[in-house]
Amino acid sequence: MLDCGGAAICFDGNIITLGHTPTEPQIKKLLEWLQEHAPEDIFYTNSYAQLNPEGLSIRPTASGIMAISLAEAPGNYIIWFRPELVQTVTWAGKNDKVETQADGQIFLSPRQSFEAWKQLVESTSAPWRPLEIEAATEIRLHISDVRLKIFNELQARAASLSRLNAELERSNDELDSFAYVASHDLKEPLRGIHNYSLFLLEDYAEQLDSDGVSKLQTLVRLSQRMEGLIESLLQLSRVGRLDLELAPTDMNQLLSEVLDLLLPRIEQTQTTISVAGTLPTIYCDPVRMQEVLNNLLTNAMRYNDNADKRVEIGVAAPGEVKLKNGGNPDSFDVFYVRDNGIGIDPKHHETIFKIFKRLHSQEKYGGGTGAGLAIVKKMVEKHGGALWVESTRGAGATFYFSVPKHP
C-alpha cells in the first residue's frame, strides 16, 4: 500500500523487520526519539536527519520515515522507511546565482548564462503523498478497532472468570464451614453412642447371648470407625481454613521430634529408620510439616509386611527427580520418604490421594480412614509445593513432596 524500502513492526518489546531497514539497535534509538519528540498518533518526515542528527547514520535506508502508534504503551509502532533520494535540480544560467529570501525560504534564480548546474539534496527521501498518509491513518484506526474489540472480549472474559472465582471461593468457604460444623457437632452424639455401647457390654454382657454381645461389639467398632471418619473430615476442613505460620525450620530438628513421637510405633513394628545426609532448613509451618512427616512415616510402617522393615528419609539432589507440577527445580527442596513395603500399582498413584480412598479392606493393615494422604497433599499444596509417589506393586514406595525454598 505504501511505496517504501522497508518496514518495522514494534510491539511489546519485539521488532519484526521487512525489506531494507536500519538495524534493530538503530530502530530502538528511533523508537526512543519518537516517544520523546513525536507524541502524535501519526508522524512522517522525508528528512529525519534534519530533525535528529543521529538520523545521518540511517539515511541510506531511512531518510524518510512514517510511523503510526499502535497503543499508549511506549514503543508500539508500525514504521515505514524510505531510502535517501538524491534530488537533482537542474538550472539554466550562470554559476553565480541570485538568492532571494521570502517567508524564511531561500529561492534560487536561474543563471543568465543558461549553463546547467545541479544542486544535490542529501539525507532526503521522496515526500510522503497525501494518499499514503491517509492510508497509514486508516491502518492505525483499523488496528485500534481490532485491539479495542479484543480488549473488550478479554475484559468480559476476565469479569466472568472473576465472578466464577468469587462464587467458587464462596462455595469452598461454605463447604469448609459445613464440614467443620457438621463434623464437630456429630462427634458429641457419636461419642455418646460409643460410650453407652461400652457400658452395655460391661454391665449387661452376662444377660445377653453371644449374638447380642457380638452386635454390641460391632456397634462399638462401627462407632469408632465413624468417629475416625468424622475426625478426618474435620482435620481436612481445618487444612482448608488454616493460615500457615511460616518460619525458617531446621528439618533435622523437626524430623527428630517426629521420630520421638513415633518411637513406640517404631519399636512395636521393629522398623529401621534412616536419614540420608543432612536435611536443609526450609521456610514452612513447622506444625503442619510435622503432620506431613508423621503421616508419611506412619503409612510407611503400616503398609509393610516384610520382617525387615526399612524407611529412609532424605532430600533429592538437584535434577535427580522431575517436579510433579513443573517449575524451576532450583526453586524447590524435594524431600522423600522411601520404604520397602507392599508398594502401589501405578494405576492407583492418583487414586490414593483422594479423600476416603483405600486400596484394601477396612480390617487390613491396621485400618485407616483413607484420608491421611488427602490431608498431607492439601497441606503440601498449601505451602506451594506438590506431593507424588513413585512405586510398583511389591517393590516399596517413595513419596516425594516439594517445598519452595523462598516464601
Side-chain angles (χ1 to χ4, degrees), residues 221 224-225 227-229 231-232 235-236 238-239 249-282 284-317 321 333-344 348-349 352-353 357-380 383 385 387-403:
R221 191 165 58 250
Q224 288 176 321
R225 161 78 175 143
E227 187 173 6
L229 291 172
E231 181 59 35
S232 297
Q235 190 175 1
L236 187 64
R238 283 172 177 165
V239 173
T249 304
D250 183 354
M251 289 295 285
N252 301 284
Q253 178 63 31
L254 187 139
L255 177 61
S256 177
E257 294 171 3
V258 173
L259 293 178
D260 285 344
L261 292 173
L262 292 175
L263 185 59
R265 189 177 185 90
I266 294 172
E267 293 177 344
Q268 179 187 359
T269 57
Q270 297 182 339
T271 302
T272 300
I273 306 287
S274 61
V275 182
T278 302
L279 303 181
T281 295
I282 65 171
C284 69
D285 185 322
V287 175
R288 306 306 165 191
M289 197 54 62
Q290 275 190 342
E291 294 178 26
V292 169
L293 288 175
N294 190 309
N295 191 288
L296 293 178
L297 288 169
T298 299
N299 281 352
M301 291 184 283
R302 172 181 292 163
Y303 300 108
N304 194 327
D305 50 12
N306 287 324
D308 178 23
K309 298 178 177 63
R310 287 176 282 107
V311 179
E312 179 183 305
I313 304 103
V315 61
V321 295
D333 286 310
V334 180
F335 297 88
Y336 65 84
V337 176
R338 180 176 293 130
D339 63 64
N340 64 336
I342 62 174
I344 304 166
H348 298 306
H349 283 184
I352 59 174
F353 296 112
K357 290 289 185 179
R358 294 191 314 274
L359 305 182
H360 56 81
S361 63
Q362 168 64 26
E363 295 77 16
K364 203 170 183 181
Y365 299 110
T369 62
L373 286 176
I375 294 171
V376 169
K377 184 173 184 289
K378 202 165 185 178
M379 284 183 181
V380 171
H383 279 82
L387 173 69
W388 69 98
V389 65
E390 290 182 3
S391 177
T392 55
R393 190 171 182 178
T398 302
F399 282 86
Y400 294 96
F401 65 94
S402 58
V403 181

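All values reported here derive from a predicted model rather than from experimental measurement.
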Excluding sequence neighbours, so at least two apart, what forms ring-ring contact (aromatic ring centres under 6.0 Å, His included) with Y336?
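With sequence neighbours excluded, Y336 shows a ring-ring contact (aromatic ring centres under 6.0 Å, His included) to no residue whatsoever.
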Please identify each residue that fulfils ring-ring contact (aromatic ring centres under 6.0 Å, His included) with F335, with sequence neighbours left out.
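F335: ring-ring contact (aromatic ring centres under 6.0 Å, His included) contacts with F401.
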Going by the rule side chain to side chain contact (heavy atoms under 4.5 Å, CB included), which residues pair with [X] if we only count those two or more places apart in sequence or in a different chain?
X    : result
N340 : N304, N306, R310
A395 : T392
L263 : E267
S391 : I344, H349, V389, A397

Min side-chain heavy-atom separation [X]-[Y] under 4.5 Å:
X    : Y    : result
L373 : L296 : yes
M289 : M379 : no
I313 : S274 : no
N295 : I375 : no
M301 : D339 : no
E312 : V275 : no
V292 : R288 : no
R265 : T298 : yes

Under the side chain to side chain donor-acceptor pair (under 3.5 Å) test, residues paired with [X] that sit two or more places apart:
X    : value
T249 : none
K309 : none
S256 : none
E257 : Q253, Q290

For side-chain contact (heavy atoms from CB on, under 4.5 Å), just list the numbers for I266 and L259, CA-CA rounded to whole Å, side-chain angles, deciding distance to a tenth of an Å, and then say yes or no.
CA-CA 8 Å; I266 294 172; L259 293 178; 4.1 Å; yes
What closest approach, in Å, do [X] and [Y] show between heavy atoms, and which atom pair accounts for it?
X    : Y    : value
D250 : L279 : OD1-O, 4.4 Å
L297 : V311 : CD2-CG1, 3.7 Å
A316 : V321 : CB-CG2, 4.0 Å
S402 : V380 : O-CG1, 3.7 Å

If only atom types and distance count, is the side chain of H383 paired as donor or acceptor with the main-chain N or O of C284 below 3.5 Å?
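Not a single qualifying donor-acceptor pair exists.
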I would like to know whether W388 and K377 meet side-chain contact (heavy atoms from CB on, under 4.5 Å); could you show each step before the answer?
CA-CA 8 Å; W388 69 98; K377 184 173 184 289; over 6 Å; no
Intermediate values then yes/no, side-chain contact (heavy atoms from CB on, under 4.5 Å), T271 and I273
CA-CA 6 Å; T271 302; I273 306 287; 3.9 Å; yes
